[in-house]
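In this text the structure is predicted, and so the values were computed from the model without any measurement.
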Amino acid sequence: MNSFVDQLLCRKHDDESSGDELHDKDAVNLSHVGEAVHQVLGRHHNRHHKSMWNVTTGKIIGSVDDTPKSVWDTAADPGTGNDDWFPEKLAEIIGRTEAWCDVMSLGPPDGKFLTAFQTAMQTLAERSKTTENPIVIRMLFGNIAGMPVNCSKVIKALTKDLPKDNKLHIWVGAWRKGFSWNHAKLIAVDGVYLHTGGHNLWDAHYLSNNPVHDLSMELEGKVARDGHRFANQQWEFIESKQSTCVGCVIDTMPDYLPLVLRTRVTVSEWPKDTVPVFPPRFTTSRVANTANQSRLADKATDVPLISIGRQGSMVFRSRPSDDAIIAMINSSQTIIRLVLQDLGPVCLPGTKKALPGLKWPKEYLAAIGKAIYERGVDVEMVLSNPNSIPGGLKGTEANYGNGWDCVDVAAEIIKRIQKQYSEVDDAKLRAMVVDNLRICYVRHDKSSQYEDGNTIGLHSKHLIVDDKCCYIGSQNLYMCDLAEWGIVVDSEDEVKKIMNDYFLPMWENSYTGEDVDVERVMDGLNVDRDGENTMFSGMQSTEQLMPHCTGTDNYDIEKDDSAETDETESPLVASKEDVDVASKDDADPAEETEEGEEVPITARDDDDVDQDSAPDEREMTVTPTQEAALSNEETASRASSDEETASLTPSPKEITALVPIDNETASNAPSAEETAPCAPSAKETTTLAVYDGDSPEDTPEETPEKEEGAIVIHKQEDIVSQKSAETKQDDDNKKGKGMSLDCCGFAQSFNIASE
């Protein structure tokens, strides 16, 4: 037991390690970096083996997929259609599906990505006519606060003009739990083909003018199964009941303690009335008879791979990918190369001050500092130019780089050295900045700008250690506790190929030595760049920092009910076709048995029984007693987490409410032609429902009357009224108060306790 509340409730967390070190049978021929990752995962995260991490094998297909392509050594902007190959490639991979395809991303595809996905659906629809069983397609996205995905509209767009005699079974789902939602980007097909990395599915960000740089890769082999399993866990969360032990003690805790944040789950299925509400669970038996399995027989060119991920606040403590990345850095002996969007947290708009409660990632910084100080490791780092905006978008739609410069990043690393080694002198620190620490902005032919003067953005998440082992995935190193996934490539030959294709050309054309001045770094060692910790001393509102996206086509933008609404705009709530689940007990993903003993979420073997049947569904709302109890329990549990997790994830203690506000004014809304496939009518209402595994006859004790266009899952004390929040934001926008965006929609609307 690790906290007072845990002891009070006699609670054991589902994601704690069993204490036994797990050795993966595939962990052979690993480098010193790969073995370090394997050891930390086997020791601290054995319950999540084969669900959030796994040692496996596979092959990397061709060169890595970096966009924009072929630009490093030229000052000219990418030409029209320079990267149209990328969505076409994703569609081709999806089009290989014979039985099962999982797609995960932050948000739904748009523009040429949507067109490519529609082409893939046509291909699969024709193939399904000849398959014995239906082809299963599961798509998962993040329900960003204030921008829930309209799953039924996404399905409508994807299935447009499909032949009626096909055997496709499609599910589109999205989720949010507190400040966590899906941020992983992967396509997994039949347990054989895999595409993963940092790319989102947004046309204006990658295929228009001033495109942002990003990195992904295609793989083939057993590693693809890990992508399906990672998706399983999120689908199980969407489907499952969130139950916990609550009692009168929790109910009587003071109102000023942090309250649980809203959980929103949406899912839609196709064809309606033909398939269950929730999709089946992937197992290898479901794809065993596909012709694609023959691709697994050729293992001659397979290399060691380690899949690493985390599920954010779906679990209390366990963040396997965080520990894996730290283990990679700690194992370094000669050089660490990083390609990142940023290392610092999201800033307040127009400032170089982190949002209240957000901190720099001190565990990562300490590991880098220790490598420099103790082992003389060199560090080469490429960052996005701050606040870069692609595609002619607005600052409320896209923002790559959180606002910090290279000097800020260097100073925070040196501060971690000072913190760990008090005897280090000024001269030695200066020498480290000069000799070991090289940081720069991304450039083309030594220029940080496109031809129109806008800066070049970077969204890659790439780490290379000792030129033997590397990571490519979705995980940023700055503070945000989202669901992430990526691959550690543990092959020196493959890593050097990736370096030659990607890192070295980038570094050669980006590094000039001008971005880090040693004097400015040393002068900045006393600057506090963390956000204020202003707990328990009053309340102030902070504007919402919306995620970047290209429009409202596939989202339900939460808007002021009193405002004039164009029919093409998305209303506050999802279409009535969506299943919108407001979990009554969302503090822990573990279910309880009738005897009150918890069933932990653990990794499952491939021969686990599939969960094909659809659960019961009934309307309900969260009662104030349940919500207050959950909030205090989750707060106490998160507060008791070990130091390394606390430094990487935001503490719910610093957050007291989630306020949905609008993204754009009506005048900035997309046209009717743009939004028609995906935006629900303003007349549509929502269904609030939850599956709790009980008989359909059971009804909740309280079912408040639902007003059309309203979400009634929070008591007044828990969340600022929607209208007042939206009205305030509308007033702020009229006053010209700026809003900034981070790459993953993490910095959302908070009510922050202030002095």
Side-chain angles (χ1 to χ4, degrees), residues 86-87 90 94 102-118 138-158 171-176 179-187 195-208 211-212 214 216 231 234 238 264-268 312 341 390-391 393-394 396-400 459 461 474 476 480 482-485 544-558 570 574 578 660 662-664 670 674-675 677-680 741-748:
F86 184 66
L90 300 186
I94 294 172
D102 275 306
V103 177
M104 302 178 74
S105 193
L106 174 58
D110 66 11
K112 293 178 181 177
F113 287 94
L114 177 58
T115 300
F117 275 47
Q118 290 169 331
R138 304 187 301 182
M139 294 190 181
L140 263 177
F141 305 110
N143 253 346
I144 302 166
M147 291 184 65
V149 174
N150 191 314
C151 297
S152 63
K153 299 302 178 182
V154 175
I155 282 185
K156 183 177 180 180
L158 290 172
W171 287 265
V172 174
W175 65 275
R176 176 177 78 247
F179 287 101
S180 293
W181 44 79
N182 180 64
H183 187 248
K185 301 94 166 48
L186 68 86
I187 298 172
H195 192 275
T196 190
H199 282 89
N200 288 304
L201 305 174
W202 299 329
D203 189 306
H205 295 243
Y206 298 106
L207 308 179
S208 186
V212 64
D214 218 331
S216 297
Q234 291 191 20
I238 287 176
R264 184 177 181 125
V265 177
T266 54
V267 59
S268 293
Q341 181 185 195
L393 300 172
K394 295 177 291 187
T396 52
E397 298 171 312
N399 195 337
Y400 292 90
H459 190 243
K461 302 93 169 59
S474 69
N476 294 297
C480 55
L482 306 182
E484 310 283 8
W485 199 75
Q544 182 175 20
L545 308 185
M546 295 298 297
H548 57 219
C549 60
T550 57
T552 60
D553 298 44
N554 297 310
Y555 300 94
D556 292 322
I557 306 302
E558 300 185 358
S570 300
D578 287 341
D662 70 344
N663 183 32
E664 295 182 277
E674 293 172 326
T675 58
C678 303
L741 312 178
D742 75 320
C743 81
C744 44
F746 170 65
Q748 295 300 310

Student: Would you confirm whether S268, through its side chain, and V172, through its main-chain N or O, come within 3.5 Å as a donor-acceptor pair?
Tutor: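 Checked: no pair found.
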
Student: Where do V267 and W171 come nearest, in terms of heavy atoms and distance?
Tutor: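 V267 and W171 have their closest heavy atoms at CG2-CD1, 4.5 Å.
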
Student: Just verifying a value: how many Å separate N399 CG and E397 CD, rounded to the nearest 0.5 Å?
Tutor: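 Here the interatomic distance stands at 11.5 Å.
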
Student: So, the side chain of S474 versus the backbone of W485: is there a donor-acceptor pair under 3.5 Å, distance only?
Tutor: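 Here the side-chain-to-backbone pair exists.
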
Student: Would you confirm whether T115, through its side chain, and G111, through its main-chain N or O, come within 3.5 Å as a donor-acceptor pair?
Tutor: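 Yes: the side chain of T115 pairs with the backbone of G111.
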
Student: Determine the minimum heavy-atom distance between P211 and Y206, stating which atoms define it.
Tutor: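 What the structure gives for the nearest pair is CB-O, 3.5 Å.
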
Student: State plainly whether the residues R138 and D102 are in salt-bridge range, i.e. N to O under 4.0 Å.
Tutor: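 D102 and R138: salt-bridged.
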
Student: Measure across D203 and K112 and return the closest heavy-atom pair with its distance rounded to 0.1 Å.
Tutor: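 Scanning both residues completely, I find the closest heavy atoms to be OD2-N, 2.8 Å.
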
Student: Apply side-chain contact (heavy atoms from CB on, under 4.5 Å) to W202 and L207, showing your working.
Tutor: CA-CA 8 Å; W202 299 329; L207 308 179; over 6 Å; no

Student: State the CG-CG distance between L90 and L201, to the nearest 0.5 angstrom.
Tutor: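 Going from CG on L90 over to CG on L201, the span is 7.0 Å.
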
Student: Calculate, to the nearest 0.5 Å, the distance between atoms CE and CG belonging to M104 and L186 respectively.
Tutor: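 Result: 5.5 Å between the selected atoms.
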
Student: Any non-hydrogen side-chain atom of N182 less than 4.5 Å from a side-chain atom of L106?
Tutor: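 N182 vs L106: side chains apart.
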
Student: Under a 3.5 Å threshold, yes or no: a donor from one side chain and an acceptor from the other, between S152 and N150?
Tutor: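 Distance-only check passes for S152 and N150.
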
Student: Any heavy-atom pair between the side chains of H205 and L393 that's under 4.5 Å?
Tutor: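 A side-chain contact under 4.5 Å exists here.
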
Student: Is the side chain of Q234 donor-acceptor paired with the backbone N or O of A231 at a distance under 3.5 Å, no angle test?
Tutor: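 Between the backbone of A231 and the side chain of Q234 there is no qualifying donor-acceptor contact (under 3.5 Å).
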
Student: Check A174 against V149 and note the closest heavy-atom contact, atom names and distance.
Tutor: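 Looking at all heavy atoms of both residues, the shortest contact is CB-CB, 3.9 Å.
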
Student: To the nearest 0.5 Å, what is the distance between SG on C480 and CH2 on W181?
Tutor: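 Here the rounded value is 9.0 Å.
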
Student: So which atom in W175 and which in A483 form the shortest heavy-atom distance, rounded to 0.1 Å?
Tutor: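 Looking at all heavy atoms of both residues, the shortest contact is CZ2-CB, 3.7 Å.
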
Student: How long is the gap from OG on S216 to NE2 on H459, to the nearest 0.5 Å?
Tutor: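 Taking OG in S216 and NE2 in H459, the distance rounds to 9.5 Å.
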
Student: Please find the pair of heavy atoms, one from G198 and one from K185, that lie closest to each other, and give the distance.
Tutor: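 Reported closest heavy-atom pair: O-CE, 3.4 Å.
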
Student: Can you label the angle between the F86 ring and the H199 ring as parallel, tilted or perpendicular, going by 30° and 60°?
Tutor: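 Tilted: the ring planes of F86 and H199 meet at 30° to 60°.
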
Student: Output the distance between atom CD (E484) and atom CG (N476), rounded to the nearest 0.5 Å.
Tutor: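 Those atoms lie 6.5 Å apart.
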
Student: Check whether N200 reaches the backbone of S105 with its side chain - one donor and one acceptor, N or O, closer than 3.5 Å.
Tutor: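 Side chain of N200 to backbone of S105: no pair is present.
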
